[in-house]
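In what follows, a single structure is set out as structure tokens and then discussed.
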Amino acid sequence: MKLIDLHCDTIWRLLDLDRTGDLMENRCSVSIPDMKKAGTKAQFFACFTYIEDFKERGGYDEAYAHVLEMADYLLGQTEQYEESIGFSRSFEDMERMTAKNRIGAFLAVEEGGVLNGDISRLDELYEKGFRLMTLMWNYENSIGYPNSRDTSVMWQGLKSFGVEVVHRMNELGMIVDISHASDGVVRDVLEHSALPVIASHSNCREVCDHPRNLPDELIRQIANGGGIAGVNFYGPFLGSPSASRVDEMAAHILHMIQVGGSEFPAIGTDFDGFDGMEIMEIPDVSKMERLWDALKKWGVTERQLDKIWGKNAERVLRQILK
């Protein structure tokens, strides 16, 4: 089984939080040895910037500069550990890495607000190697509005700049990620995107009533457009305030299959992007077989498991990444 994880925050944790170790050896949930144990084919590394940290020092402009620093860090890591992991810009790059028994490393932006209304930054990010952008985090930005329990916010959609961003991402061959977005933004993205849209790390609202999760209506629309969603391991999005439980992960995946079909669910752990869990039944990527085994017990077939683990993500990468 070959795993593709659509979202982790390990680079952010290494550079901005723990500030110790690197991808080979660290105190994080994602490391090269653990990815090898998990049979990881590709990992999307999110370059996340928490805008509150930049309010007093340059705002989104400084946050954008930090995103570029994070990208340089990942590039340096793939050079330092080139026998184990390789930087990937395309589906073909990932396949070449697999043939050489190396992990494919993809760059992602989490919080499209770093564009700050400047579309040329999107082109610069693409040239740097970024192939996925999560349009929102939990704040309004130049693209649109975040998920919220306030319905007046939740129904707000893309701004005019956001529409421009989606069109340009389609032209470049970048994956549009709607995790964290309002329902209104998701609807607008689906209307304006000519390519499949993904929710890299989002669960099901019908299973756990949280605004960060997707309602069935949007699951169907994303799936009908060829998109996917990666199950998120954060307890409050699964159903438990302080526990990340395998059976709850399985319940969300089963609901994804029921509503969106077997081509819809994927993996988007959100590893290293959250704290506060008293119980982590999958504490790091090396223990991913626990979810595989649980899904088998729940009646998920080997063919479906292969799709969830990586084949569904592969299909989207093959279609979008140039």
Side-chain angles (χ1 to χ4, degrees), residues 4 6-7 42 44-49 60-61 63-65 67-68 70-71 74-75 87-96 104-137 141-145 157-182 184-202 218 221-230 263 266 268 312-322:
I4 297 178
L6 296 169
H7 188 92
F44 279 78
F45 290 94
C47 295
F48 168 67
T49 50
Y60 277 125
D61 293 341
Y64 177 72
V67 164
L68 298 179
M70 297 168 108
L74 180 62
L75 287 165
F87 188 69
S88 298
R89 293 177 172 83
S90 66
F91 175 81
E92 290 74 18
D93 281 352
M94 179 182 69
E95 292 297 284
R96 282 192 286 270
F106 285 97
L107 271 173
V109 181
E110 184 175 21
E111 170 56 294
V114 297
L115 300 183
N116 206 19
D118 183 353
I119 199 68
S120 70
R121 288 184 177 178
L122 190 60
D123 289 71
E124 184 177 1
L125 290 171
Y126 183 83
E127 290 302 316
K128 192 76 171 178
F130 286 89
R131 291 298 180 266
L132 181 152
M133 186 167 73
T134 311
L135 301 180
M136 317 296 308
W137 195 61
N141 63 23
S142 59
I143 293 171
Y145 297 84
L158 286 174
K159 298 179 180 180
S160 58
F161 178 69
V163 174
E164 184 181 3
V165 166
V166 171
H167 290 162
R168 185 59 182 149
M169 290 179 74
N170 282 177
E171 292 168 356
L172 289 169
M174 287 183 73
I175 299 168
V176 179
D177 177 20
I178 52 77
S179 285
H180 288 279
S182 69
V185 164
V186 179
R187 289 184 176 90
D188 284 352
V189 169
L190 290 167
E191 178 183 347
H192 288 283
S193 180
L195 294 171
V197 170
I198 80 162
S200 67
H201 56 304
S202 293
L218 293 181
Q221 290 183 35
I222 294 168
N224 288 342
I228 57 177
E263 307 291 324
N312 288 342
E314 282 185 19
R315 169 178 51 80
V316 172
L317 302 189
R318 185 187 291 111
Q319 184 172 352
I320 297 178
L321 300 189
K322 299 176 181 179

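Everything quoted here is computed from the prediction, not taken from an experiment.
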Is [Y] close to [X] at the side-chain level, that is, under 4.5 Å between some pair of heavy atoms?
X	Y	answer
L125	Y64	yes
L6	I175	no
I228	P196	no
Q221	L218	yes
N170	V176	yes
L190	I178	no

Nearest heavy-atom pair of [X] and [Y]: which atoms, and what distance?
X	Y	answer
D118	F161	N-CZ, 3.6 Å
V114	A63	CG1-CB, 3.9 Å
L135	V165	CD2-CG1, 4.2 Å
M94	A42	SD-CB, 3.6 Å
G129	R89	CA-NE, 4.1 Å
M174	M133	CE-CB, 4.3 Å

Can you tell me how far the [atom1] atom of [X] sits from the [atom2] atom of [Y], to the nearest 0.5 Å?
X	Y	atom1	atom2	answer
I4	F106	CD1	CZ	7.5 Å
M136	L158	CE	CG	8.5 Å
L317	N312	CG	CG	11.0 Å
L172	E127	CG	CD	8.0 Å
H167	I119	NE2	CD1	10.5 Å
M70	T49	CE	OG1	7.0 Å

Applying side chain to side chain contact (heavy atoms under 4.5 Å, CB included) to F87 and L107, what does each step give before you reach the verdict? CA-CA 8 Å; F87 188 69; L107 271 173; 3.5 Å; yes
Could you go through the side chain to side chain contact (heavy atoms under 4.5 Å, CB included) check for D93 and R96 one step at a time? CA-CA 5 Å; D93 281 352; R96 282 192 286 270; 2.3 Å; yes
Run the side-chain contact (heavy atoms from CB on, under 4.5 Å) test against S182 and tell me which residues pass, sequence neighbours left out. Y145, M154, V185
Test side-chain contact (heavy atoms from CB on, under 4.5 Å) applied to R318 - qualifying residues, sequence neighbours left out: F91, E314
Decide whether H180 and E110 meet the rule of one side-chain donor and one side-chain acceptor closer than 3.5 Å.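 Result is yes, a qualifying pair exists.
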Would you sort out whether K128 and V67 count as a side chain to side chain contact (heavy atoms under 4.5 Å, CB included), showing the intermediate values? CA-CA 11 Å; K128 192 76 171 178; V67 164; over 6 Å; no
May I ask you to say whether D61 pairs ionically with R121, meaning some side-chain N is under 4.0 Å from a carboxylate O?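 A salt bridge links D61 with R121.
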Test: R131 cationic atom under 6.0 Å from Y126 six-membered ring centre, within 45° of axis: yes
Heavy-atom donor-acceptor pair, [X] side chain to [Y] backbone, under 3.5 Å:
X	Y	value
N141	G144	yes
T134	S179	no
N116	Y60	no

Verdict with supporting geometry, I198 and L132, side chain to side chain contact (heavy atoms under 4.5 Å, CB included): CA-CA 10 Å; I198 80 162; L132 181 152; 3.6 Å; yes
Classify the angle between the aromatic ring planes of W137 and F48 as parallel (below 30°), tilted (30 to 60°) or perpendicular (above 60°).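 If you compare the ring of W137 with that of F48, the planes turn out tilted.
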